[in-house]
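Chain letters run A, B, ... following the sequence lines, proteins first, then strands; residues in each count from 1.
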Number of protein chains: 2
Amino acid sequence: MVEKLRGSGCRLTPQRLGLLRLLSETDSHPSARQLHEELRLHFPTTSLATVYKTLKVLKDLGEVTEMGFSDDDNRYDAARPHPHPHLICVQCRKIIDADAEPASELARQLAATSGWRILSHRMEFYGLCPDCQGKDGSNLLSPEDQPNT
Amino acid sequence: MVEKLRGSGCRLTPQRLGLLRLLSETDSHPSARQLHEELRLHFPTTSLATVYKTLKVLKDLGEVTEMGFSDDDNRYDAARPHPHPHLICVQCRKIIDADAEPASELARQLAATSGWRILSHRMEFYGLCPDCQGKDGSNLLSPEDQPNT
DNA sequence: ATAGATGCAAATATTTTGCCGCCTG
DNA sequence: CAGGCGGCAAAATATTTGCATCTAT
């Protein structure tokens with residue numbers, strides 16, 4: 001990832017190295033704000049704007065994936081080689097990775113039959129993670145707790 | 001859809017009826033702004049706030065699906081009975097529906113093996129629609145035109 | 001008659017941009 | 001030493017909310 005940045009004429013500043021480290025070490029799909037807060041622990045003067053700017057660079061290089069939601073801020077994922085599905089807990093908003101195989105297979109299928117040229121995809125499953133199942137007695141979600149996309 | 005609204009103690013104002021009509025007649029997955037503009041053709045005084053408010057009601061009733069993106073405004077889809085995949089053109093931003101079967105099958109599979117309780121899902125394939133393929137000679141997308149999620 | 005809706009404007013929240021001084025390469 | 005970068009603050013965008021007025025039931 002460092003090589004890719006250097007290769008496209010970008011500079012490796014401490015802030016950028018710190019952000020790269022955060023992205024590569026975590027699998028929690030953090031938001032820009034979360035990244036900023038963690039980054040400040042090591043580089044207290046880092047600004048949120050820099051985080052956004054660097055994320056944009058990485059996004060354009062294809063090194064991170066940006067996921068937008070309707071009512072949350074964007075979340076970022078160090079781009080594993082290929083797009084992969086996510087499991088998203090509608091209660092604690094945890095996001096974990098799932099197996100990529102079936103998804104890619106589906107994409108190939110669609111590409112073959114739809115007349116579209118498929119370049120990428122996004123696949124998310126909303127539900128309750130094992131930790132949150134049974135935390136509150138109710139099996140029903142109120143309308144406001146509907147998964148939101 | 002009208003019945004569902006009335007059934008939950010909501011009033012059927014002209015603005016709401018107009019919005020319901022738009023949502024049920026179109027399959028273009030419009031944004032709030034687009035809905036507002038079209039609505040003004042028939043009810044010139046309709047405000048954007050009302051559109052948002054009504055969309056929120058419908059969302060909570062499960063009658064429309066809201067799709068969030070990282071750099072576009074949200075798009076709305078009159079909820080066909082079940083979630084279904086979308087094909088999204090990264091050039092003209094057209095969104096069309098795809099076959100739901102394989103997606104639901106995948107969801108069932110995951111629910112069975114992951115330990116999560118899956119409630120819903122979102123599945124999108126980014127690429128070039130038939131109209132946009134070959135419109136410009138390039139087969140390569142520049143980084144800025146990467147599909148964005 | 002009255003609870004709930006509308007419309008306007010102000011408030012929020014997130015992300016982007018402009019500018020200037022600083023530092024990497 | 002030059003051009004990119006970081007930080008700050010202002011701008012831009014999308015959505016939500018407060019409130020006074022109006023209206024569907």
Side-chain angles (χ1 to χ4, degrees), chain A residues 2-20 22 29-40 42-61 64-76 93 143-144 148-149, chain B residues 2-20 22 29-37 39-40 42-61 64-76 93 143-144 146 148-149:
Chain A
V2 169
E3 298 140 24
K4 197 118 176 202
L5 261 187
R6 168 173 289 138
S8 43
C10 292
R11 290 189 193 159
L12 296 176
T13 61
Q15 293 90 334
R16 284 189 175 173
L17 287 172
L19 187 59
L20 290 183
L22 272 184
H29 310 79
S31 67
R33 181 171 302 274
Q34 289 168 334
L35 286 167
H36 178 229
E37 277 165 15
E38 288 202 47
L39 208 42
R40 286 179 83 98
H42 302 283
F43 304 92
T45 76
T46 308
S47 78
L48 190 52
T50 296
V51 173
Y52 275 112
K53 284 171 184 166
T54 302
L55 284 173
K56 178 159 179 23
V57 170
L58 292 169
K59 198 172 42 165
D60 289 348
L61 287 173
V64 303
T65 302
E66 186 182 51
M67 294 185 280
F69 297 93
S70 59
D71 65 356
D72 256 327
D73 37 13
N74 296 339
R75 306 280 289 256
Y76 297 87
R93 303 219 62 95
E144 300 76 36
N148 72 292
T149 52
Chain B
V2 168
E3 299 140 23
K4 197 118 177 201
L5 262 188
R6 168 173 288 140
S8 44
C10 293
R11 289 190 193 159
L12 296 175
T13 61
Q15 294 91 333
R16 286 189 173 173
L17 288 171
L19 186 59
L20 291 183
L22 273 184
H29 310 80
S31 67
R33 182 172 300 274
Q34 288 169 334
L35 286 167
H36 178 228
E37 278 165 15
L39 207 44
R40 287 179 84 97
H42 301 284
F43 303 93
T45 76
T46 308
S47 76
L48 189 51
T50 295
V51 173
Y52 276 112
K53 284 170 185 168
T54 302
L55 283 172
K56 176 158 179 24
V57 170
L58 292 170
K59 199 172 39 166
D60 289 347
L61 286 173
V64 304
T65 302
E66 186 182 52
M67 294 183 280
F69 298 93
S70 59
D71 66 355
D72 255 328
D73 37 12
N74 296 339
R75 308 279 290 258
Y76 297 87
R93 303 218 62 94
E144 299 77 35
Q146 288 282 320
N148 73 293
T149 51

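For a distance-only test at 3.5 Å, the side chain of B/K53 qualifies as a donor-acceptor partner of the base of C/dG7. For B/R11 and D/dT23, a side-chain-to-base donor-acceptor distance below 3.5 Å is present, hydrogens and geometry of angles not being considered.
One interatomic measurement links the two molecules: CG of B/L17 to P of C/dA5, which rounds to 13 Å at whole-angstrom precision. To the nearest angstrom, P of D/dT13 lies 13 Å from CG of B/D72. B/L58 has its CG atom 14 Å from the C1' atom of C/dA5, to the nearest Å. Note: CE (B/M67) to C1' (D/dA14) measures 17 Å, nearest angstrom. Going from atom CG of B/L5 over to atom C1' of C/dG4 covers 13 Å, rounded to whole Å. B/Y52 places its OH atom 19 Å from the P atom of C/dA5, with the value rounded to the nearest Å. Between A/L35 atom CG and D/dG6 atom C1' the separation is 17 Å, expressed in whole Å. To the nearest angstrom, P of D/dG4 lies 16 Å from NZ of A/K56.
Between B/T13 and A/R75, the residue anchored closer to the 5' end of DNA chain C is B/T13, taking for each the nucleotide with the nearest heavy atom. Residues B/R6 and A/P44 each lie close to DNA chain D; by heavy-atom proximity, the contact nearer the 5' end of the strand is made by A/P44. Of the residues near DNA chain D, B/L12 and B/L48, the one whose nearest nucleotide (by heavy atom distance) lies more toward the 5' end is B/L48. Residue B/C10 is the one, among B/C10 and B/A49, whose nearest nucleotide of DNA chain C lies closer to the 5' end (criterion: closest heavy atom).
Proximity of a side-chain donor or acceptor of B/T54 to a complementary backbone N or O of B/V51 within less than 3.5 Å is not detected. In this structure a side-chain-to-backbone donor-acceptor pair under 3.5 Å is present from A/R16 to A/R11.
Judged by distance alone, the side chains of B/E66 and A/S70 do bring a donor and an acceptor atom under 3.5 Å apart.
For B/R6, the CZ atom is loosely surrounded, since the number of other residues' heavy atoms within 6.0 Å does not exceed 12.
Applying the 4.0 Å criterion to OP1 and OP2 of D/dT23, one finds that B/Q15 has every side-chain N and O outside that range. Between B/T50 and C/dG7, a side-chain N or O to OP1/OP2 separation shorter than 4.0 Å is present. A/N74 has no side-chain polar atom (N or O) that falls below the 4.0 Å cut-off from OP1 or OP2 of C/dT14. In this model, the phosphate group of C/dG7 is approached by a side-chain N or O of B/T45 to a distance below 4.0 Å at OP1 or OP2.
B/D71 comes within 4.0 angstrom of nothing in the nucleic acid, heavy atoms only.
The side chain of B/S47 lies closest to C/dG7, out of C/dT6, C/dT15, C/dG7.
Here CG of B/N74 is found 8.5 Å from CG of A/D71. Values are rounded to the nearest 0.5 Å.
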